[in-house]
2 protein chains.
Amino acid sequence: MSLDIGAHLKAVRQMYGLSQRELAKRAGVTNGLISLIEQNRVSPSVSSLKKVLDGVPMALADFFTLDLERQSQVFFPKEELSNIGAGSVALRLVGGNLAKRSMSILHEIYAPGADTGEEMLTHAGEEGGVVVRGRVELSVGGETRILGAGDAYYFRSTLPHRFRNVGREECEIVSASAPPTF
Amino acid sequence: MSLDIGAHLKAVRQMYGLSQRELAKRAGVTNGLISLIEQNRVSPSVSSLKKVLDGVPMALADFFTLDLERQSQVFFPKEELSNIGAGSVALRLVGGNLAKRSMSILHEIYAPGADTGEEMLTHAGEEGGVVVRGRVELSVGGETRILGAGDAYYFRSTLPHRFRNVGREECEIVSASAPPTF
DNA sequence: CTGGACTGTTTAATATTCTCAACATCATGA
DNA sequence: TCATGATGTTGAGAATATTAAACAGTCCAG
């Protein structure tokens, strides 16, 4: 996310074919403010930005989500999977060398006691997976459960989460996240 | 979206177990500001809110997207996976009851001889997966390979493709496709 | 060319956010 | 009991967002 609110707003406004004054009127603010915002000479308060976007109309979430900017190998023998594991968690990424992917698919192996760490993980997007072997303790947004072979999960990755192999055996998971985290 | 920024921020902060001061320090703002924001006594400027969220860290888009009330199901015991299998291919969908997903994650089990059909599959998006057990013959865009446990694949789903269990044992795959096909 | 209606920009005054420091409260422990 | 360190809150002032009004440019009709 660019946080170039100015250019962003300008693009949105022009997408709707509105002038600064026209948008200002609909939004209940002054044209000057819109000019200043578009030049990044001020950082609008959330309430003002909301007023402005209401004039379009567009939700705040959509405004910040909007991305203005946005063959290859098919088969990946296990030897060719990019090994991006760290410590006691082995991560094998499917399609690591692909230029643009819309997902990360991972083959994860947690050694006994392996842990993604006390500091909870958070990032944009969604992720899910299936436990293939072993048992894993998964905490998501305050809730904690133990999942065994065949069990699965799916959540928005913005929720703080943590994986921990609490068993005595290896735990194997195949997971996917979109947009790609690796 | 409630635009109850205050309660929203407070919830996020507490989800991470941070005090106002602690978050303030990470964010480079004062604890007082966070207090005022959480009480909705000010409407933070976007730049301040960004600073605060950077301390968590969380993207603005995620902050506004986050729906605190309707936290959907996260854990899916295998019995609760939607069974959408047809014929000799058992498909278990992760998160089938979720309103909006950006992916389909499937736990697939191919019986010996199982086949997605002579008519090649094609659809929008991308898909990939990891073979967990057994062997499968995968054809994509004219190329054909046999994948065993630990092998993987990733391709654009517009390429005609077909899965076939050519072995004498079951074959187990965990796959994902975005956008969701189920 | 002249006036009017549009465009976006700028300035000075006003309103709001934000900081700094002090305050009140609660818990822990000497 | 008193001290200590944590919590969130508050008030006055500094910093910044926002307004209102004037400015400059473009385009088109008269």
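Values below: all heavy atoms of this structure, side chains included; hydrogens, waters and symmetry mates excluded. Order of the sequence lines fixes the chain letters, A, B, ..., with proteins taken first and strands second; residue numbering starts at 1 for each chain.
- When rounded to the nearest whole Å, the span between CD1 of B:Ile37 and P of D:dT10 equals 15 Å.
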field: B/S/- contact track for nucleotides 9-17 of chain C, protein heavy atom under 4.0 Å
entry: BB------S
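- Under the rule for a side chain to side chain donor-acceptor pair (under 3.5 Å), the partners of A:Ser35 that lie at least two apart in sequence or sit in another chain are A:Gln39.
- Looking at heavy atoms from C-beta onward, B:Val131 lies in side-chain contact with B:Cys171 at the 4.5 angstrom threshold.
- Both A:Leu36 and A:Ile34 are members of a single hydrophobic cluster when ILVMFWY side chains are connected at heavy-atom separations under 4.5 Å.
- A:Val174 has its side chain out of reach of A:Val130: every pair of non-hydrogen atoms, C-beta onward, lies at least 4.5 Å apart.
- For the pair A:Lys25 NZ and D:dA20 P, the computed distance is 15 Å after rounding to whole Å.
- Using a 30° and 60° split on the angle between ring planes, B:Tyr153 and B:Phe163 fall in the perpendicular class, above 60°.
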